[in-house]
Each structure stands twice: as C-alpha cells, then as structure tokens.
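Throughout, residue positions are numbered sequentially from 1 according to the sequence presented.
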Amino acid sequence: MAPKVDTQSAGAVAAADASSQFSMDPVFHVLKVVPYSFLRPPRLRLKIPSVSLPSAMTVFSLVLLTYFMVVSGFVYDVIVEPPGIGSTQDPATGAVRPVVFLPGRVNGQYIIEGLSSGFMFVLGGIGIVLLDLALDKNRARSVKVSYAIAGISSVVIAYVMTTLFIRIKIPGYLR
C-alpha cells in the first residue's frame with residue numbers, strides 16, 4: 001500500500017522554498033544581479049569538434065599493448081623497481097653468471113623475466129587470433145592454412161616456453 005502524502009507539510013515546504021528565494025542577503029543579491037544588468041556575455045560561434053572513432057586495428061593494438069603491460073608486471077616493476085637482470089656466482093669457477101629468472105620466489109621477478117613471460121602470453125593470444133582468422137570462409141584455402149599453421153605454432157611455442165619458465169622459476173614443479 002502506498003504511503004499517504006501529507007498535503008499540509010507539502011504546502012509548507014513549497015512556501016518555505018518560495019520565501020527563501022526572496023529572503024536573500026541583500027549584499028549577495030547586489031553581487032548576483034548588478035554586474036549582469038550592464039554586462040552581456042559575448043556571442044561565441046564555437047564549433048563542436050568532431051571526433052572520429054579509431055579503427056579496429058588501433059583499438060586491437062591498444063588492447064594488446066595494455067594486456068602485455070598487465071601480464072608482464074609493469075606495475076610491479078614501477079613500484080618495486082627490481083633489477084633488470086640478476087647474477088649468481090658459479091661455485092666451481094667463481095665466475096659471475098647472469099640470471100634472468102628469480103628462482104624460488106613466486107611473488108618476485110626481474111624486469112627481463114616479466115617482459116619475456118609477457119611476450120609469451122601475447123604470442124599465445126596472437127596465435128588464438130590467427131586460429132580465429134583461419135576459420136574465415138571468405139579467405140583462400142592457402143591463406144587459411146597459413147593462418148592455421150602460424151596460429152598453432154604460436155600457441156604451442158607460447159605454452160612450451162611458459163611451462164619452461166615455470167619450471168625454471170619453481171624447481172620441481174609439475175614433475
């Protein structure tokens with residue numbers, strides 16, 4: 001059931017609103033009304049700028065670049081400022097060797113590690129896009145086969161390399 005509207009209180013609110021317009025501070029009234037009695041705003045003939053939509057390839061490129069930056073840990077690299085590449089000392093020879101992956105720490109990375117992992121994820125995503133393009137019925141058979149081969153190889157390379165990266169990062173994982 002809908003609530004009843006009190007007509008007396010509604011009328012009182014309307015009267016209070018009407019009286020508040022006329023009970024304005026006189027100084028504020030002078031500042032509000034007097035300047036506009038002799039000043040006129042200029043007539044501007046401004047044209048609204050027309051913004052055209054970006055092409056589909058531009059949007060795809062921006063989305064792919066954003067995806068690369070997110071999965072490669074760009075925010076982590078900016079906040080933590082890890083070294084670009086690490087180093088370790090060979091126990092047998094005493095020589096210092098470069099290390100690309102930070103072993104044993106799942107929540108830490110070198111900059112090159114993040115970029116290479118991000119590239120592999122993007123390569124896998126591009127492979128899936130190529131596989132989708134291979135299903136287009138309006139393309140020639142040779143082009144469809146080329147897209148399919150490139151897509152399958154991209155996905156397989158990305159999967160194998162990402163698995164290898166995880167095994168380097170976490171020794172004994174998936175064994």
Side-chain angles (χ1 to χ4, degrees), residues 2-3 28 31-32 41-175:
F28 181 69
L31 290 174
K32 183 178 174 186
R43 291 186 199 141
L44 299 176
R45 292 185 184 108
L46 298 176
K47 293 181 180 178
I48 297 175
S50 63
V51 178
S52 61
L53 291 176
S55 67
M57 191 52 76
T58 303
V59 173
F60 175 72
S61 301
L62 289 174
V63 168
L64 196 64
L65 179 69
T66 305
Y67 176 70
F68 173 74
M69 291 177 73
V70 167
V71 298
S72 66
F74 181 75
V75 175
Y76 173 82
D77 291 342
V78 168
I79 293 173
V80 177
E81 296 177 1
I85 195 166
S87 61
T88 184
Q89 191 171 11
D90 190 11
T93 62
V96 178
R97 297 181 328 184
V99 176
V100 175
F101 291 94
L102 186 61
R105 285 192 53 204
V106 180
N107 59 349
Q109 71 177 17
Y110 295 128
I111 293 175
I112 297 297
E113 174 184 356
L115 294 177
S116 58
S117 297
F119 177 74
M120 287 302 139
F121 290 138
V122 169
L123 182 66
I126 289 174
I128 291 173
V129 169
L130 289 174
L131 287 173
D132 181 55
L133 290 174
L135 296 175
D136 190 11
K137 294 179 180 177
N138 296 329
R139 298 193 192 275
R141 179 169 171 78
S142 62
V143 174
K144 288 170 37 174
V145 169
S146 299
Y147 280 154
I149 290 172
I152 290 170
S153 62
S154 295
V155 169
V156 168
I157 289 171
Y159 174 76
V160 169
M161 292 303 291
T162 305
T163 306
L164 178 69
F165 291 171
I166 291 175
R167 287 187 180 165
I168 293 171
K169 183 86 172 161
I170 308 168
Y173 184 71
L174 295 176
R175 289 187 186 165

| For the residue pair A150 and L130, what are the closest heavy atoms and their distance? | CB-CD1, 3.9 Å
| task | Sorted by first residue and then second, give each side-chain hydrogen bond (donor to acceptor under 3.5 Å, both in side chains) pair with at least one member in residues 122-132; sequence neighbours left out. | result | none
Identify each donor-acceptor pair in which a side-chain atom of residues 78-88 lies under 3.5 Å from a protein atom, sequence neighbours left out, and give them as a table.
none

| message | Please determine whether the number of non-hydrogen atoms from other residues, nucleotides or ligands lying under 6.0 Å from atom CG of L44 exceeds 12. | response | yes
| remark: Residues pairing under side-chain hydrogen bond (donor to acceptor under 3.5 Å, both in side chains) where one sits in residues 96-122, two or more places apart or in two chains, turn out to be D77-Q109, E113-K169
Donor-acceptor contacts, no H, no angles, side chain residues 50-59, under 3.5 Å, sequence neighbours left out:
from	atom 1	to	atom 2	distance (Å)
S55	OG	T58	N	3.3
S55	OG	T58	OG1	2.8

| said: Which residues pass the salt bridge (Lys or Arg N to Asp or Glu O under 4.0 Å) test with R167, not counting sequence neighbours? | reply: none
Which donor-acceptor pairs under 3.5 Å do the side chains of residues 65-74 make with protein atoms, sequence neighbours left out?
from	atom 1	to	atom 2	distance (Å)
T66	OG1	L62	O	2.7
S72	OG	F68	O	2.8
S72	OG	M69	O	3.4

| request: Output every pair passing salt bridge (charged side-chain N to carboxylate O under 4.0 Å, His left out) with a member in residues 52-63, not counting sequence neighbours, ordered by first then second residue. | output: none
| field | Partners passing side chain to side chain donor-acceptor pair (under 3.5 Å) against T93 (at least two apart in sequence or in another chain) | value | D90
| query | Does anything in residues 146-163 pair up under side-chain hydrogen bond (donor to acceptor under 3.5 Å, both in side chains), and if so which pairs, sequence neighbours excluded? | reply | none
| task | Sequence neighbours left out, what pairs pass salt bridge (charged side-chain N to carboxylate O under 4.0 Å, His left out) with at least one residue falling in residues 137-158? | result | D136-R139
| request: Please identify each residue that fulfils side-chain contact (heavy atoms from CB on, under 4.5 Å) with L135, with sequence neighbours left out. | output: none
| note | Residues passing the side-chain contact (heavy atoms from CB on, under 4.5 Å) test with L64, sequence neighbours excluded, are F60, V122, I126
